[in-house]
Amino acid sequence: MDILDNLNPEQREGVETTEGPVLLIAGAGSGKTRVLTHRIAHLIGTQKAKPWQILAITFTNKAAKEMKERVSDLVYGSEDMWISTFHAACVRILRREAKHLGYDNNFNIYDTSDKLKVIKDCAKELDIDTKKITPRSIASAISNAKNQLLSAKDYQGSNLYEKQIEKIYKMYDRRVKANNAMDFDDLIFETVRLFRLNPDILERYQQQFKYIMVDEYQDTNHSQYLLVNFLAKGHKNICVVGDDDQSIYLFRGADVANILDFEKDYPDAKVIKLERNYRSTQCILSVANEVIKHNEGRKGKNLWTENCAGEKPVFFHGTDHIDEIQFIADEITKEQAKGRKLSDFTILIRANALTRSIEDILLKRDIPYQIFAGTEFFNRKEIKDVMAYLSIISNPADDLSLTRIINVPRRGIGNKTVERLAAVADEKNKTLFEVLKEDADGIVSRGKDKIKQLVMLIENLQEMSQYLNVTDLLDETVNRSGYRNMLQSDKTDEAKIRLENIEELFTVTKEFDNTHGGNLDEFLQQNSLASDTDESEREDSVKIMTLHSAKGLEFPVVFIAGFEERLFPHIRSMEDPKELQEERRLCYVGITRAKEKLYITAAQSRALYGRVERNKVSRFLEEVPKNLIEDKSIKKYSMDNLYSQSGPQRANVNSFKMPQKQNIDMAYKVGMLVEHKKFGQGIITEIKSLGEDQKITINFEKVGSKALMASFAPLTVVEG
DNA sequence: GCAATAACATTTTTT
DNA sequence: ATGTTATTGC
């Protein structure tokens, strides 16, 4: 079969226009990955490029992996191509060229929590109150600076707040560099710096990458933009793919202007629009289009499909979050009975905080699920501890890792001692490990021997790392350090789980040893960039993930849960119109993930952050004409309840379908004992006819006398 | 130096 | 609700 078969005319154009700059505007589900993979295959097939001359940048590890797989289905040589994320590509370059920047080539990569830890330390030392300026905000300020390629040296704070940031940024940067480490932003920043400082190196890469492709171009930030443009200057064969309606990473410095201005950057760019959607039914697409219509400043697209109309998306408004999730569970069970697999279902949420309540219900219902969230596994304490051991073995300059494990398991080297040692390290401009080795005798009185033992342990392990694979080294590490012992002698359930997690880590190292040859540095590198969505999917379970991590994916049945104001749009995004538009794009992304069925659910009240919240239904639902959505909510609450908490907006949403009259045929009698959902039990004291309806007065035990409309009150007869 | 306890703040999204 | 930090008493 020819590579150009089975492509529509626009896709084909995207594949065949290999020379010069190309801007591919690709709507959701329009087959852009198909274009990219076929384009790569075409380049190889027509011998326009050798595999290693191809650089294809994706946004997530998962996307990179998928692209590699799909390319290797089409042509040979995919393993020699540079198909990876920005960060992974940069790491690959930096490992090779680190010495030009003053790093050792086995530098560590600090993740978010490492970064926060260093920032906290710096703030403490600089006497900056982290209650006024949170480490988080400092971290994001530093991130922003780096994304704008503003170095610590060049950073000039103009007001008091920025001056504080400046101080911390400078100290932070010194520390991280001294530890022979880089944070995520450094990976891009330092690569750009490398190219600026060494034109010869840049030229080498410019020559190498004959064809460059960037996926999700709308989510690139300034430093990434610059990096791509540096590299593309050689052959100018750059193809960027994106969709301005799916830009959802503004918060981490993405600049939509990058895609909007591509034609300015490359006046001879060929622009190709992919507007035909192959993924979703017409019913789903219509809803998506209606929502995104409300955004301004779009490049404008007309997404269409020849797919069948399909079923109307369903809305369900639960009384509380339990009700909401139970509806989801019910639907899953029903659909399952019709022959769907559990893996066909995905529950999308705005924030990870919602996973808990979903888990609770699915667990009770015995519905297997899989959560794709955060950097969970590698963020667990025991995993971080053990990884810190491996890290200090690989990179003795990594003070952060050493501090982490210096007293884990407890070996009598307490806070005070560590502080003293760290101060000396600072003073003598040595690494902590060097101080431990060379100066500890003079500083520490009681823990001397313990420190010697620790140094010996680390040095021994370092030597072993020369000839052991990662699995065996890990085994030696947990045994000799006493870490395994510590957990084994602890009989709590918690310790048991920790041990299990460490066993799980062994599975990871074994897998790595088998496929990658067992080099420690490489292992650490790989896992410092590994995260969330990299977990392999299980066939037999429902997926739960955030809307962000669902980007680029598709599922037969999608539930978007927690469709409420303050949750979605998120409360922190409601003020700023820009952020609100981003929320709307996020919603668009969510809706367009669904191939066959879409459910949107919300709850009238939910327990969140230790509080009970009552939120209106999301404005995004109101932006969709009622006739496009089927409201399956069962209205159990009285009209009083519906309207009193919600105001006019909510009333509007609920009028999708008026509540069914439930109790009109019920024969109430004075003296009956009835139970009300909310007010508890009470005795009917009076009944009045009002047209078709009845007005019943009930004397409740707890709340006293109330007059309710029979048709809407959630009443059950207890006695009488 | 360490563990237990109390007080406290913090809630988004990801490489 | 949860996780982190500060304090306290041993």
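This structure is a prediction, so every number in the text was calculated from the model and none was measured. Letters A, B, ... mirror the listed sequences (proteins, then strands); counts begin at 1.
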Side chain of A:T417 - closest among B:dG1, B:dT15, B:dT14 | B:dG1

For C:dT2, take OP1 and OP2 only and decide whether either is under 4.0 Å from a side-chain N or O of A:R356.
-> yes

A:H570 has its side chain closest, among B:dG1, B:dT12, B:dT14, to B:dT12

Name the residue closer to the 5' end of DNA chain B, choosing between A:T134 and A:L586 according to the nucleotide with the nearest heavy atom.
-> A:T134

Spell out yes or no: do the side chain of A:R252 and the base of B:dT15 have one donor N/O and one acceptor N/O closer than 3.5 Å?
-> no

Just wondering, do A:F59 and B:dT15 stack (centres under 5.5 Å, planes under 30°)?
-> no

Which nucleotide sits closest to the side chain of A:Y249: B:dT12, B:dT14, B:dA3?
-> B:dT14

Under 6.0 Å from the six-membered ring centre of A:F107 and within 45° of its axis: does the NZ or CZ of A:R95 meet both?
-> yes

Quick one: is B:dT14 close enough that its OP1 or OP2 comes under 4.0 Å of any side-chain N or O from A:S549?
-> yes

C:dT5 C1' sits how many Å from A:L116 CG, rounded?
-> 15 Å

Could you pick out which residue, A:F86 or A:R420, lies toward the 5' side of DNA chain B when each is mapped onto its nearest nucleotide?
-> A:R420

Select one nucleotide: of B:dT15, B:dT11, B:dT14, the one nearest the side-chain heavy atoms of A:R572.
-> B:dT11

What is the distance from CG of A:N221 to C1' of B:dT14, rounded to the nearest Å?
-> 12 Å

Any side-chain donor near an acceptor of the partner, A:T403 and A:K117, under 3.5 Å | no

Which nucleotide in the set B:dC2, B:dG1, C:dT2 lies at the smallest distance from any side-chain heavy atom of A:K416?
-> B:dG1

Strictly by modelled atom types, are A:E216 and A:Y249 linked by a side-chain donor-acceptor pair under 3.5 Å?
-> no

CZ of A:R411 versus P of B:dC2: gap in Å, rounded?
-> 11 Å

A:I248 atom CD1 is separated from B:dT15 atom C1', nearest whole Å, by 13 Å

Decide side-chain contact (heavy atoms from CB on, under 4.5 Å) for A:N295 and A:D245; before the verdict, give the C-alpha distance in whole Å, the side-chain angles of both, and the deciding distance to 0.1 Å.
-> CA-CA 9 Å; A:N295 264 8; A:D245 286 334; 5.7 Å; no

Given atom CG of A:N61 and atom C1' of B:dT15, what is their separation to the nearest angstrom?
-> 8 Å

note: A:L580, atom CG; B:dT13, atom C1'; distance rounded to Å ~ 15 Å

Separation of A:R410 atom CZ from B:dA4 atom P, in whole Å?
-> 10 Å

Under 4.0 Å between any heavy atoms, over every strand shown, what does A:R350 touch: base, sugar-phosphate, or nothing? Just pick one.
-> base

Among B:dA3, B:dT15, B:dT13, which nucleotide sits nearest the side chain of A:H548?
-> B:dT13

Report yes if a side-chain nitrogen or oxygen of A:N407 is closer than 4.0 Å to either non-bridging phosphate oxygen (OP1 or OP2) of B:dG1; otherwise report no.
-> no

Is there a side-chain contact between A:Y599 and A:I328, using heavy atoms and a 4.5 Å cut-off?
-> no

Atom-to-atom span, CE of A:M545 to P of B:dT12 - whole angstrom | 20 Å

Using a cut-off of strictly less than 4.0 Å, decide whether A:N352 has a side-chain nitrogen or oxygen near OP1 or OP2 of B:dT13.
-> yes

Checking all strands, does A:K120 fall into the base, sugar-phosphate, or nothing category for heavy-atom contacts under 4.0 angstrom?
-> sugar-phosphate

In whole Å, what separates the P atom of C:dT4 from that of B:dT13?
-> 15 Å

side-chain N/O A:S573 vs B:dT12 OP1/OP2, d < 4.0 Å = no

Looking at C:dT2, B:dT12, B:dT15, which one has an atom nearest to any side-chain atom of A:T60?
-> B:dT15

Touch check for A:N147, heavy atoms < 4.0 angstrom, all strands: base, sugar-phosphate only, or nothing?
-> nothing

Between the side chains of A:Y225 and A:N147, does any donor sit under 3.5 Å from an acceptor?
-> no

With the side chain of A:F251 defined as its heavy atoms from C-beta on, choose the nearest nucleotide among C:dT2, B:dT14, B:dG1.
-> B:dT14

Quick one: closest heavy-atom pair of A:Q218 and A:G242, and the distance?
-> OE1-CA, 3.1 Å

